[in-house]
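Report on the structure given below.
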Amino acid sequence: MSGSPYREIQQKQERILQVGRGRDSKEMPSKTKGKGMKAGSQKKKKNVGADVEAKSAHRLAVLEKELLQDHLALRRDEARRAKASEDQLRWRLRVLEAELQEARSEGKAVYAETCQREAEAAREGAEQALRERDQTLAQLRAHVADMEAKYEEILHGSLDQLLAKLRAVKPQWDGAVLRLHTKYKERLRQFGLNPLDL
């Protein structure tokens with residue numbers, strides 16, 4: 001299979017794999033605590049890291065979906081062309097067989113023999129075209145199934161990594177939220193307000 005659509009699909013596949021590798025190979029920025037660093041800026045950095053991971057996973061999933069759609073469109077196009085070729089061959093075969101019957105009825109033995117050879121050649125050509133079409137479709141189905149499995153594996157791996165990172169930072173977020181909650185309750189009490197009344 002050669003042609004511009006297939007090359008575009010291959011290039012898109014390479015881009016997806018590069019995005020996946022690039023995302024996996026990115027190093028997390030070093031966590032150094034300075035004396036002047038505030039808890040709010042640390043929380044923002046953590047949120048930005050999680051957002052980048054989520055956006056990267058979403059972008060990878062979108063690219064994978066587009067690639068699978070391109071493969072399916074290419075497969076449908078191949079099937080349509082094979083069907084048109086098959087119909088044309090079948091029509092030619094019917095014409096030749098009709099000519100053969102006409103030649104036989106008129107008693108033209110030489111013409112009938114030529115028509116018979118042409119009809120046989122056309123029949124063999126049609127059978128060969130059908131075999132090639134079936135083989136091409138089988139290869140495309142196997143290729144799409146293989147790609148679906150690979151991309152599903154990549155997507156699950158990316159999501160598992162993202163969930164693991166979110167689980168790792170959740171206790172820190174919960175602690176920060178609890179500290180803020182306690183701090184603002186204390187401030188409300190300083191102003192003579194009961195937090196439970198709000």
Side-chain angles (χ1 to χ4, degrees), residues 1-26 51-164:
M1 180 171 27
S2 64
S4 177
Y6 186 68
R7 281 199 299 274
E8 289 175 6
I9 289 173
Q10 282 184 324
Q11 290 169 357
K12 196 177 282 186
Q13 180 180 5
E14 290 170 4
R15 284 199 303 271
I16 288 173
L17 293 176
Q18 286 173 358
V19 168
R21 288 194 209 102
R23 187 174 45 73
D24 292 340
S25 64
K26 284 180 186 172
D51 287 346
V52 168
E53 283 290 325
K55 286 178 182 176
S56 178
H58 175 71
R59 177 69 180 149
L60 184 61
V62 168
L63 288 173
E64 290 169 3
K65 179 183 173 186
E66 290 175 358
L67 186 59
L68 286 174
Q69 288 174 341
D70 289 346
H71 269 285
L72 291 174
L74 189 62
R75 186 172 128 193
R76 283 193 295 269
D77 186 51
E78 285 286 333
R80 272 195 301 271
R81 280 188 279 157
K83 181 72 169 71
S85 175
E86 176 189 351
D87 291 344
Q88 187 177 6
L89 287 169
R90 288 185 188 280
W91 176 81
R92 177 68 180 146
L93 183 58
R94 283 195 298 272
V95 169
L96 288 170
E97 287 174 346
E99 290 176 358
L100 177 60
Q101 290 300 326
E102 184 181 349
R104 282 180 179 159
S105 67
E106 293 175 0
K108 298 178 181 177
V110 175
Y111 184 67
E113 187 179 340
T114 302
C115 284
Q116 188 171 3
R117 281 199 299 268
E118 285 185 12
E120 188 61 35
R123 185 180 293 110
E124 289 175 3
E127 290 173 355
Q128 177 67 23
L130 288 173
R131 283 194 297 271
E132 289 175 0
R133 182 201 67 176
D134 291 343
Q135 184 178 5
T136 301
L137 288 175
Q139 288 173 349
L140 282 170
R141 286 189 190 107
H143 187 62
V144 168
D146 184 49
M147 286 186 57
E148 285 175 348
K150 286 179 181 175
Y151 292 138
E152 187 175 348
E153 183 180 339
I154 290 171
L155 184 61
H156 283 306
S158 301
L159 292 175
D160 288 345
Q161 288 178 1
L162 180 60
L163 286 173

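FYI, the numbering just counts along the sequence from 1.
Shortest non-hydrogen contact noted between Ala54 and Leu162 is CA-CD2, 3.9 Å. When all heavy atoms of Ala122 and Leu96 are compared, the closest pair comes out as CB-CD1, 3.8 Å.
Between atom CE of residue Met147 and atom CD of residue Glu64 there is a gap of 9.0 Å, rounded to the nearest 0.5 Å. The CG atom of Leu137 sits 12.0 Å away from atom CD of Glu132, with the distance rounded to the nearest 0.5 Å. How far CD1 of Ile154 is from CG of Leu159: 12.0 Å, rounded to the nearest 0.5 Å. To the nearest 0.5 angstrom, Lys150 atom NZ is 16.0 Å from Leu155 atom CG. Rounded to the nearest 0.5 angstrom, Glu148 CD and Leu72 CG are separated by 7.0 Å. In this structure, CZ in Arg75 is found 13.0 Å from CG in Asp77, a value given to the nearest 0.5 Å.
Heavy atoms of other residues, nucleotides or ligands lying less than 6.0 angstrom from CD of Gln128 number more than 12.
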So Arg131 and Gln135, side chain to side chain contact (heavy atoms under 4.5 Å, CB included) or not? Walk me through it.
-> CA-CA 6 Å; Arg131 283 194 297 271; Gln135 184 178 5; over 6 Å; no

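Judged as a side-chain contact (heavy atoms from CB on, under 4.5 Å), and not counting sequence neighbours, the contacts of Leu89 are Ser85, Ala126, Ala129. The salt bridge (Lys or Arg N to Asp or Glu O under 4.0 Å) check on Glu86 picks up Arg90, Arg133, with sequence neighbours excluded.
Ion pairing between a basic and an acidic side chain is recognised when a charged N comes within 4.0 Å of a carboxylate O; Glu120 and Arg123 show such pairing.
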